[in-house]
Number of protein chains: 2
Amino acid sequence: MMSPSNDSRQDHVPRGRARLSREAVLSAALELLDAEGLEALTMRRLGQELGRDPMSLYRYAENRAALLDGVTELVLSELAIVPDDRVWQEQLRRIAHDLRLLALRHPNVVPLLVTRPLSTPLGLRPLGTLRPLEQILSLLAEAGFGPEDSLHVYRAYYGFLYGHILNELQEFIVDPEENEALLRLGLHRLPAKEFPRLRALAPALADYDGAAELDQGLSILLSGLASRLPPDARKGPAPSRIDSSE
Amino acid sequence: MMSPSNDSRQDHVPRGRARLSREAVLSAALELLDAEGLEALTMRRLGQELGRDPMSLYRYAENRAALLDGVTELVLSELAIVPDDRVWQEQLRRIAHDLRLLALRHPNVVPLLVTRPLSTPLGLRPLGTLRPLEQILSLLAEAGFGPEDSLHVYRAYYGFLYGHILNELQEFIVDPEENEALLRLGLHRLPAKEFPRLRALAPALADYDGAAELDQGLSILLSGLASRLPPDARKGPAPSRIDSSE
DNA sequence: AGCAACGTCCCTACACCGTAGACTTTAGGC
DNA sequence: GCCTAAAGTCTACGGTGTAGGGACGTTGCT
């Protein structure tokens, strides 16, 4: 009479009883973060979630900060930046929308995304968080931008993109169900004579279309960048023959 | 034989021995935050800094989160948004630079600035953090924008602005002294074949001119917004006679 | 088969955190 | 000089991250 829980030698892992791995730890952490927020993501709780002693986690992340870095890396790896044959503006636009959706899927990760790099010099950040930068630089180079112009474009673009995402996430927290009601309720609290415009905007705030707003902003920015920066490469997907060395 | 430390009855406050006040607490908190970062700003430490029992702080902030909110409010109150007689674009530009400088003066507050609102529905945020929004709405209204257009402009503008600030703060942490060296050092760590462009950009990254970068982005964005949105009010400081009620 | 070495994991312990609740001290009005 | 309310304090509790050391299973060598 074998106990039903741990009969197999190393079969189908009774309950998280497989060998841990960095990936397993990180994705459990992400799951917890998505489900219950940053405050819930403690070493002890995560250990419990994995059916392990909290201390075992330190085999896979040097400390909590590193674990959080790992999670942001994991999330960013969901973002595919693959060059295709479209104009650079369209590619950047697509990437922006992808990142926006990613952020909406993992809203609790966004604070980490924008906050962690503030305490780490660029060169020491997890590679996974630098990869998008490199890839966009390469995309722009392929579109004919010089290195420094690429950097300028990247900065304006990513800056706006992150700003938009923060903006959008700030505007609703509440369930889209009772959105209107709660929002109005909140706004109603504001002193009428000090915040007349904000209060008057309640309905407009209530039906915020993030994708459209992002798109418009991008249109302005990208066309502005296109007309300002590149000497010639405004459309074509590259002069095509500059794959220099190797 | 009086002890030299506490001779006066209630004279010149020997050492932080005055009656506390919310303002005193908050500005001590800000000081500590500026000097040693968010991690150092604990209730116990702040109490110690003020020469008081940590528990006394709870008279002036309901809990730590509220205290942090108070600090962001305090910082934002340093930002003066006073309408003047210039074109709206120029006013927004000035405000943007002011906010940028404010952020550079209090870099450790920036994470709070962008992060705290994510967990508070708009209407329940500290009034001090909503005031800039209201004031900018009013500035735009005075420039002839309709309420909804104002909102769109505000979103694009503030989104870009916050994005830029985050970007800029991320690019150097290190002392401007050994900036170059450290930066290169960091970058040198990156695998050469995976990050060729980023590594090549080291010198360009090293002399980043934040103000200029912000200004260019703003030019693009503001002129784009001007040409896209307002039906007529593209320059003039307002039709001038709409101070409706009171 | 036996054994040594090593990586994985758990246990214990410590210093520190936020804060609830009851207490003492202080300041001001009568 | 008392009374009262506010301001400040003390004690204590349950939580946190993580250092150090020991237990254990797995693996590779002989």
Side-chain angles (χ1 to χ4, degrees), chain A residues 3 5-11 13-29 32-33 36-71 108 111-112 115-116 119-120, chain B residues 5-29 32-33 36-71 108 111-112 115-116 119-120:
Chain A
S3 75
S5 58
N6 62 352
D7 47 358
S8 57
R9 203 169 303 265
Q10 59 188 17
D11 221 355
V13 292
R15 199 20 133 218
R17 219 74 269 268
R19 190 71 143 265
L20 282 186
S21 70
R22 183 172 159 90
E23 251 223 37
V25 169
L26 290 183
S27 68
L32 186 52
L33 187 55
E36 309 194 25
L38 186 58
E39 302 231 311
L41 179 47
T42 76
M43 303 305 267
R44 290 169 146 94
R45 177 67 194 282
L46 182 54
Q48 174 180 328
E49 217 69 32
L50 287 163
R52 287 298 195 307
D53 186 281
M55 278 299 123
S56 58
L57 302 178
Y58 287 87
R59 298 269 159 205
Y60 306 100
E62 210 166 308
N63 47 40
R64 191 172 115 103
L67 186 136
L68 296 181
D69 279 340
V71 173
N108 292 331
L112 298 181
T115 259
R116 294 281 325 149
S119 37
T120 323
Chain B
S5 58
N6 61 353
D7 48 358
S8 58
R9 203 170 303 266
Q10 58 188 20
D11 222 355
H12 59 14
V13 291
R15 200 22 134 215
R17 219 75 267 270
R19 191 67 145 266
L20 281 187
S21 70
R22 182 171 160 91
E23 251 223 37
V25 169
L26 290 183
S27 67
L32 186 51
L33 187 55
E36 308 194 24
L38 186 58
E39 302 232 310
L41 179 47
T42 76
M43 303 304 268
R44 290 171 144 94
R45 176 68 193 280
L46 181 56
Q48 174 180 327
E49 216 68 32
L50 287 162
R52 288 298 195 305
D53 188 281
M55 279 297 122
S56 59
L57 303 177
Y58 288 87
R59 300 263 167 210
Y60 307 98
E62 211 165 306
N63 46 41
R64 190 171 114 106
L67 186 135
L68 295 182
D69 279 340
V71 173
N108 293 329
L112 298 181
T115 258
R116 295 279 326 147
S119 38
T120 323

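For clarity, every value in this text was computed on a predicted model and none was experimentally measured. Just so we're on the same page: letters track the sequence lines, and every chain starts at 1.
Every residue two or more places apart in sequence or in another chain that forms a side chain to side chain contact (heavy atoms under 4.5 Å, CB included) with Ala24(B) is listed here: Ser21(B). With sequence neighbours excluded, the residues satisfying side-chain hydrogen bond (donor to acceptor under 3.5 Å, both in side chains) with Glu36(A) are Arg45(A). Taking the side chain to side chain contact (heavy atoms under 4.5 Å, CB included) definition, one finds that Arg59(B) meets it with nothing, sequence neighbours left out. Under the side chain to side chain contact (heavy atoms under 4.5 Å, CB included) criterion, Asp69(B) pairs with Arg116(B), Pro126(B), sequence neighbours left out. Qualifying side chain to side chain contact (heavy atoms under 4.5 Å, CB included) partners for Pro54(A), counting only residues two or more places apart in sequence or in other chains: Arg44(A).
No side-chain heavy atom of Asn108(A) sits less than 4.5 Å from a side-chain heavy atom of Leu38(A). Residues Leu33(A) and Leu68(A) fail the side-chain proximity criterion, which asks for heavy atoms closer than 4.5 Å. With contacts defined as side-chain heavy-atom distances shorter than 4.5 Å, the pair Leu20(B)/Ser56(B) qualifies.
The nearest whole Å value for the distance from the CZ atom in Arg22(B) to the P atom in dA6(D) is 18 Å. Nucleotide dG25(D) holds its P atom 17 Å from the CG atom of Leu20(A), rounded to whole Å. Atom CG of Leu41(A) is separated from atom P of dG15(D) by 17 Å (rounded to the nearest Å). Taking atom CG of residue Leu46(A) and atom C1' of nucleotide dG15(D), one finds them 16 Å apart after rounding to whole Å. Atom-to-atom, CZ of Arg19(B) to P of dA6(D) comes out at 11 Å; the value is rounded to the nearest Å. In this structure, the CG atom of Asn63(A) is 8 Å from the P atom of dA19(D), given to the nearest Å.
Taken to the nearest 0.5 Å, the CZ atom of Arg64(A) stands 5.5 Å off from the CG atom of Leu41(A).
Residue whose closest nucleotide on DNA chain C sits further toward the 5' end, between Arg59(B) and Ser56(A): Ser56(A).
In this structure, the nucleotide among dC10(D), dT8(C), dA7(D) sitting nearest to the side chain of Asp53(B) is dC10(D). Checking dC10(C), dG17(D), dG8(D) against every side-chain atom of Arg52(A), the shortest atom distance belongs to dC10(C).
For the helix from dA1(C)-dT30(D) to dC30(C)-dG1(D), the end axes, each set by the C1' atoms of five terminal pairs, are bent relative to each other by 10° (nearest 10°).
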Can you check nucleotides 13-17 of chain C for protein contacts, nitrogen or oxygen pairs under 3.5 Å, and list what you find?
| residue | atom | partner | partner atom | Å |
| --- | --- | --- | --- | --- |
| dC17(C) | OP1 | Thr42(B) | OG1 | 3.3 |

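The side chain of Tyr58(A) places no N or O atom within less than 4.0 Å of a non-bridging phosphate oxygen (OP1 or OP2) of dT8(C).
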